[in-house]
Each structure stands twice: as C-alpha cells, then as structure tokens.
Amino acid sequence: MKIEYADAFKGEAKRIEQILADFSESGKTLSSGRNTIKTFDLNGRQVNVKSFRVPNLINKIVYRFFRKSKAERSFSYAQYLLSREIATPFPVAYAEECKWLSLGRSFYICDHLEYDFTFRDIENFEDKEQKEEVLRAFTRFTYDIHEKNIEFLDHSPGNTLIRINGDHFEFFLVDLNRMNFKRLDFKQRMKNFSRLTPSKEIIEIIANEYATLTAWNEHEVFETMWQFTQEFQEKFYRKKRLKKQLKFWKN
C-alpha cells in the first residue's frame, strides 16, 4: 500500500499503517454507503479515515495512470485550502492500494472536527436573526473562496461544517475531492450556490449579501442564482424519480 503523510505526521507512520490494516474490523463508523468514514485514535488524537469505494473497471485504470485518486486529491486540496487560509480539517495522510494496472481501495485521513451544525441545519433555525446572521457569514465565506479562484464543486448543505466561536461563526469545508482552481465568472459564481437549498427565502438573503459584497445588481444576482437553484432541484428530483421507477421494475 502506498501511503503519503503530512510532514507533521511522518512519525506516526506505524500507527497509521495499523489503522488502515484494521479499518474493516475496528473504528467508530460515522457514515457508510458509497464511501465509509470512521474515526480512530491516533496516539491521543482523533482522526477520521474515509475509505473510498473501489472504482469501476475503467476508473481503476484511469486513477492508476491518468488521474489522481479521490484520496490524493482530498489530501492535496486540503493542503492548498489551508495555504490560502480557508479552513478544513487538517490533512494527516492518504493511502492507495495499487496493483500493476489498477487502483483498488483508497483512504483519506484527516483530523476529526467537532462542530455545532452544518448548512443543512440553518433552515430549521427558529431565531430569524441568528438564521440571517449565519447565512450572511456563510455568503462572505463563499465569496472569499470565489475571490481566491477556487470552485468547490460539492458545495452542498452537508459539506460545510460550522462552529460557533463567541460572537462569530467558523466554516470548514469537507468532502474535498472535486474542485477547480480558476478565475470564476458571474454565472459560475451564481451556479456554485445551486446545490445548497430549495428555499427561496434563503437564496434571497444570500443574493442580497453577495450583491452587497460585489456591488452587482441585486435583482440580477438573485434571478440568476434562483434559476440555477431551480434547475438543480428539477434535475435532482428527476433523477430520484427515475431511481424509484427502476427499483420498482427490478422488484
């Protein structure tokens, strides 16, 4: 197994190797499904280990020779985000099971982060003032990402962890393996909000704050942002209905 460590964790190589060897039988499961995330003790430090699903036959070869694995991208993107002062759990290591012609399992290891809520939870806030405050802070956080020429393609409601620190909020990006690094135009910035929420009220607040930050026309910001949001929701539910129909016919 190929393992690459962050400089600060090279001295923990033996323990990390043991964690990976025992992954299937030990550790506390945080989520499972397409990928599995477990938490482990790394000599008194809690770390999360994400095991990516084994790629299909074609991608086994693609990830072996032509493209970085999801684990390697998560690791290198985390390092880059931190270098640009964008918060994410600290990257510890990544590992790949490489065979001669293909990639098998791959793992990304990072610090375990305690947080108060995610973007998904904001919609249920009863305190309207706090709800608007965190939405505007989140918008400023996203604007900062855009200004640093980063397009976080999985900017979805569960992928920003939020902590309350005194009178302000801290935001941490997770699930990092899909990003582009380029100057973003108006439509690309607006589309980057499309996966977050179907709530028109929330989009109105986000659009107002983004327009204030950029001095762009608020009506145009909202209409474009809302159009992309509706297109994403329509596509999402169409795919969901299709899966339900396929499951019915299989049964």
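Hydrogens, waters and symmetry mates are skipped; everything else that's a heavy atom, side chains included, is used. Keep in mind that this is a model prediction, so the values were computed, not measured.
For the atom pair L135 CG and N208 CG, the distance stands at 11.5 Å (nearest 0.5 Å). Atom CG in N124 sits 8.0 Å away from atom NZ in K131 (nearest 0.5 Å). Put simply, CZ on R105 and OG on S24 are 5.0 Å apart, with the number rounded to the nearest 0.5 Å. Here the NZ-CD distance, from K128 to E201, works out to 6.5 Å after rounding to the nearest 0.5 Å. Rounding to the nearest 0.5 angstrom, the gap separating the CE atom in M225 from the CD atom in E218 is 10.0 Å. The CZ atom of F228 sits 9.0 Å away from the CE atom of M190 when rounded to the nearest 0.5 Å.
One finds a salt bridge joining R189 and E147 here, because a Lys/Arg side-chain nitrogen approaches an Asp/Glu carboxylate oxygen to under 4.0 Å.
Between the side chain of K148 and the backbone N or O of R84 there is at least one donor-acceptor pair closer than 3.5 Å. Between the side chain of T142 and the backbone N or O of F138, at least one donor-acceptor pair lies under 3.5 Å.
With no hydrogens or angles considered, a side-chain donor-acceptor pair links Q227 and E231 at under 3.5 Å.
Other residues, nucleotides and ligands contribute more than 12 heavy atoms inside 6.0 Å of the NE2 atom of H168. With a 6.0 Å radius and a threshold of 12 heavy atoms from other residues, nucleotides or ligands, Y115 has its OH atom at or below the threshold. Dense packing is recorded around NZ of K2, with more than 12 heavy atoms of other residues, nucleotides or ligands lying under 6.0 Å away. Open room surrounds NZ on K191; 12 or fewer heavy atoms of other groups in view lie less than 6.0 Å from it. Atom NZ of K182 has more than 12 heavy atoms from other residues, nucleotides or ligands within 6.0 Å.
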Salt bridge (charged side-chain N to carboxylate O under 4.0 Å, His left out) evaluation trace for E96 with K68: CA-CA 11 Å; E96 298 171 341; K68 292 180 179 180; over 6 Å; no
Chi angles and distances behind the side-chain contact (heavy atoms from CB on, under 4.5 Å) call for F222, K200: CA-CA 10 Å; F222 169 75; K200 192 172 185 178; 3.6 Å; yes
Stepwise side-chain contact (heavy atoms from CB on, under 4.5 Å) test for L82 and Q79: CA-CA 5 Å; L82 292 174; Q79 291 181 316; over 6 Å; no
side-chain contact (heavy atoms from CB on, under 4.5 Å) between I145 and L173, intermediate numbers included: CA-CA 11 Å; I145 295 171; L173 296 184; 3.8 Å; yes
Test log, rule side-chain contact (heavy atoms from CB on, under 4.5 Å), inputs T197 and T229: CA-CA 8 Å; T197 177; T229 297; 5.7 Å; no
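F171 and F169 have tilted rings, their planes meeting at an angle from 30° to 60° on a 0 to 90° scale. Ring pair Y77/F181 is perpendicular by interplanar angle, where above 60° counts as perpendicular and below 30° as parallel. F75 and Y108 have perpendicular rings, their planes meeting at more than 60° on a 0 to 90° scale where under 30° would count as parallel.
Grouping the Ile, Leu, Val, Met, Phe, Trp and Tyr side chains by contacts below 4.5 angstrom, directly or via other members, places I206 apart from F232. A single hydrophobic cluster is seen to contain both V134 and I203, as judged by linkage of ILVMFWY side chains at heavy-atom distances under 4.5 Å, directly or through other members. The hydrophobic cluster containing L153 does not contain F172, counting ILVMFWY residues as joined when their side-chain heavy atoms lie under 4.5 angstrom apart, directly or transitively. Both L176 and L196 are members of a single hydrophobic cluster when ILVMFWY side chains are connected at heavy-atom separations under 4.5 Å. I122 and F152 fall within a single hydrophobic cluster, where Ile, Leu, Val, Met, Phe, Trp and Tyr are joined by side-chain heavy atoms under 4.5 Å apart, directly or via other members.
Among residues two or more places apart in sequence or in another chain, the side chain to side chain contact (heavy atoms under 4.5 Å, CB included) test is passed with N43 by E12, R15. Residues satisfying the side chain to side chain contact (heavy atoms under 4.5 Å, CB included) test with N177, not counting sequence neighbours, are F52, K70, R73, S74, D175. The salt bridge (Lys or Arg N to Asp or Glu O under 4.0 Å) test applied to R120 returns no partner, not counting sequence neighbours.
Counting heavy atoms from C-beta on, the side chains of F107 and I3 never come closer than 4.5 Å. Side-chain atoms of L20 and I109, non-hydrogen and from C-beta on, do get closer than 4.5 Å to each other.
Across L81 and M179, no two heavy atoms sit closer than the pair CD1-CE, 3.6 Å. Here the shortest heavy-atom pairing between Q46 and T39 reads NE2-OG1, 3.2 Å. Across every non-hydrogen atom of A211 and V221, the tightest pair is CB-CG2, 4.1 Å. The shortest heavy-atom contact between I150 and H146 is O-CD2, 3.9 Å. When every heavy atom of A6 is checked against every heavy atom of P91, the shortest pair comes out as CB-O, 3.4 Å.
Cluster note: L30 groups with I37 through ILVMFWY side-chain heavy atoms spaced under 4.5 Å, whether in direct contact or through intervening members.
Ring centers of F119 and H155: at least 6.0 Å apart, outside the cut-off. Y210 has its ring centre less than 6.0 Å from the ring centre of Y143.
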Without placing hydrogens or testing angles, list every side-chain donor-acceptor pair under 3.5 Å for residues 156-163, not counting sequence neighbours.
| unit_1 | atom_1 | unit_2 | atom_2 | d |
| --- | --- | --- | --- | --- |
| S156 | OG | D154 | O | 3.3 |
| S156 | OG | N159 | ND2 | 3.0 |
| N159 | ND2 | D154 | O | 2.9 |
| R163 | NE | E170 | OE1 | 3.4 |
| R163 | NH2 | E170 | OE1 | 3.4 |

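Sorted by first and then second residue, the salt bridge (charged side-chain N to carboxylate O under 4.0 Å, His left out) pairs with a member in residues 21-47 read R45-D111; sequence neighbours excluded.
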